[in-house]
Amino acid sequence: MSEKPDVDYQAVTARQQAVWATGDFHEIARQNVVMAEALCAAVDPHGGERVLDIACGSGTAALVAARRYCEMTGIDYVPALIERARQRAAAEGFDVDFRVADAQALPFQDASFDAVLSVYGVQFAPDQARAAEEMLRVCRPGGRIGLATPIPKGWSGDFFATHARYMPPASGLQPPLRWGTEAGLIELLGTGTSAIHSEERTALQYYRSIDHAVEVFLNYFGPVIRAFDAAGDESREGYRSDLEAVFRRYNRATDGTAVIENGYLLTVATRA
């Protein structure tokens, strides 16, 4: 059941959908390939297994698993991203069942999948308890749930904290970074799993420069675009400056380019 019955999750979801549909998240997801590959290596789906990628975006993790000849399905609530995912699958010759759907109301029967994946996706569903229940429901007993999740520290923690200063989250919602903590995972998945194993990993994000990294997010990342557009001129300059500071703090390049060190949590849980 929902964690906060007084929160209008349907309205919040509709607003979120509009935000994530702004820009082009596919440009951001380029940096998630390394996480998708690490997640698939950890979950280790085999050819012929039924695999679901939740909040799949333009299909990054789904395509990694499809290359293993899995029977792939991917869902996202942004139609343009699903269309991009279909185009990418067709270009590689894969028959992937990409659908427009909500992580909080998956259109599948119980125990439909051998493995369920999500890379920086399901964690942003406003009704976290419902999204977790749905993920558990569609995964067969003994199946695997794999997550690559932002954590409260490092680049992700600083980035989302900076963003929240300019666009505060809706009242009553749990933070997405809850999924990146051991306590949060136990709360969300513990009753439906027999084991949860997590470890912190590092993913490197590559850009031409710090300025280029900031421009990529200002031009393509829906939440940043919305926050920037809603701010006044003075706040916009402050926001840009604060984003630049976050990228600069985690830049490991010394040649004028940007190589951003991003820590994340890689989790594999076994469905009870």
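Just so you know, these numbers use all the heavy atoms, side chains as well, and skip hydrogens, waters and symmetry mates. Here, residue 1 is the first one in the sequence, and each next residue gets the next number.
Every side-chain contact (heavy atoms from CB on, under 4.5 Å) that Ala101 has, sequence neighbours left out, goes to Ile75, Pro107. Checked against side-chain contact (heavy atoms from CB on, under 4.5 Å), Asp114 has the following partners two or more places apart in sequence or in another chain: Glu49, Arg50, Arg140, Arg144. Residues passing the side-chain contact (heavy atoms from CB on, under 4.5 Å) test with Ala89, sequence neighbours excluded: Leu63, Phe94, Val96, Phe98. Residues passing the side-chain contact (heavy atoms from CB on, under 4.5 Å) test with Ile186, sequence neighbours excluded: Glu182. In this structure, Glu37 has no side chain to side chain donor-acceptor pair (under 3.5 Å) partners at least two apart in sequence or on a different chain.
With hydrogens and angles ignored, the 3.5 Å screen pairs a side-chain donor or acceptor of Asp76 with a backbone N or O of Gly57. Between the side chain of Tyr264 and the backbone N or O of Val119 there is no donor-acceptor pair closer than 3.5 Å. Of the possible polar contacts, none joining the Ser241 side chain to the Glu237 backbone as a donor-acceptor pair under 3.5 Å is found. With hydrogens and angles ignored, the 3.5 Å screen pairs a side-chain donor or acceptor of Arg68 with a backbone N or O of Pro45. Using a distance-only test at 3.5 Å, with no hydrogens or angles considered, a donor-acceptor pair links the side chain of Glu134 to the main chain of Leu106. Side-chain atoms of Arg226 come within 3.5 Å of backbone N or O of Ala18 as a donor-acceptor pair. At distances below 3.5 Å, at least one donor-acceptor pair connects side-chain atoms of Arg88 with backbone N or O atoms of Ser58. The backbone N or O of Ile260 sits nowhere less than 3.5 Å from a side-chain atom of Asn251 that would complete a donor-acceptor pair.
Summarising the geometry of Arg271 relative to Leu136, their closest heavy-atom pair is NE-O, 2.6 Å, with the distance given to 0.1 Å.
In this model, a donor atom of one side chain and an acceptor atom of the other lie less than 3.5 Å apart for Thr149 and Gln123. A donor-acceptor pair shorter than 3.5 Å cannot be found between the side chains of Thr13 and Tyr77.
Between atom CE of residue Met135 and atom CD of residue Gln128 there is a gap of 10.5 Å, rounded to the nearest 0.5 Å. Within the model, atoms CG of Asp211 and CZ of Arg240 stand 8.5 Å from one another, a figure rounded to the nearest 0.5 Å. Rounding to the nearest 0.5 Å gives a distance of 11.5 Å between CG of Asp95 and CZ of Arg86. Between the CG atom of Leu243 and the CG atom of Leu218 there is a distance of 6.0 Å, given to the nearest 0.5 Å. Distance check: Thr267 OG1 to Leu189 CG gives 8.5 Å after rounding to the nearest 0.5 Å. With rounding to the nearest 0.5 angstrom, the CG atom of Leu185 is 5.0 Å from the OG atom of Ser198.
No path of Ile, Leu, Val, Met, Phe, Trp and Tyr side chains, each step under 4.5 Å between heavy atoms, connects Tyr166 with Val19, placing them in separate hydrophobic clusters. By the criterion of side-chain heavy atoms lying less than 4.5 angstrom apart, applied directly or through intervening Ile, Leu, Val, Met, Phe, Trp or Tyr residues, Met35 is not grouped with Val33; the two fall into different hydrophobic clusters. Both Val214 and Tyr250 belong to a common hydrophobic cluster when Ile, Leu, Val, Met, Phe, Trp and Tyr are linked at side-chain heavy-atom distances under 4.5 angstrom. The cluster map of Ile, Leu, Val, Met, Phe, Trp and Tyr, joined by side-chain heavy atoms under 4.5 Å apart, puts Ile196 and Val116 in the same cluster. Leu177 and Val122 are assigned to two separate hydrophobic clusters, defined by single-linkage of ILVMFWY side chains at heavy-atom distances under 4.5 Å.
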Could you walk me through whether Phe217 and Ile28 pass the side chain to side chain contact (heavy atoms under 4.5 Å, CB included) test, one step at a time?
CA-CA 7 Å; Phe217 276 77; Ile28 304 299; 4.2 Å; yes

Gln31 vs Val216, test: side chain to side chain contact (heavy atoms under 4.5 Å, CB included). Steps then yes/no.
CA-CA 11 Å; Gln31 306 293 343; Val216 166; over 6 Å; no

Run the side chain to side chain contact (heavy atoms under 4.5 Å, CB included) test on Cys56 and Thr73 for me, step by step, so that the C-alpha distance in whole Å, both residues' side-chain angles and the decisive distance to 0.1 Å come before the verdict.
CA-CA 9 Å; Cys56 66; Thr73 301; over 6 Å; no

Please evaluate residues Tyr9 and Leu173 with respect to the criterion side chain to side chain contact (heavy atoms under 4.5 Å, CB included), reporting the C-alpha separation (whole Å), side-chain torsions for both, the decisive distance (0.1 Å), and the verdict.
CA-CA 9 Å; Tyr9 285 112; Leu173 296 184; 3.7 Å; yes

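Annotation: cation-pi pair Arg236/Phe228 present, NZ/CZ under 6.0 Å from the ring centroid and within 45° of its normal.
The aromatic ring centres of Phe221 and Trp20 sit less than 6.0 Å apart.
In this pair, Phe160 and Phe124 present their aromatic rings tilted. The plane angle is within the 30 to 60° band.
Glu244 CD: more than 12 foreign heavy atoms inside a 6.0 Å radius. Crowding of Arg165 atom CZ: a count of heavy atoms from other residues, nucleotides or ligands under 6.0 Å exceeding 12.
By the 4.5 Å heavy-atom criterion applied to side chains, Glu200 and Leu265 are counted as neighbours. Put simply, the side chain of Val100 does not reach to within 4.5 Å of the side chain of Val78, judged on heavy atoms. Trp155 has its side chain within reach of Val246: a pair of non-hydrogen atoms, C-beta onward, lies under 4.5 Å apart.
Identified under the salt bridge (Lys or Arg N to Asp or Glu O under 4.0 Å) test for residues 26-35, with sequence neighbours left out: Glu27-Arg30.
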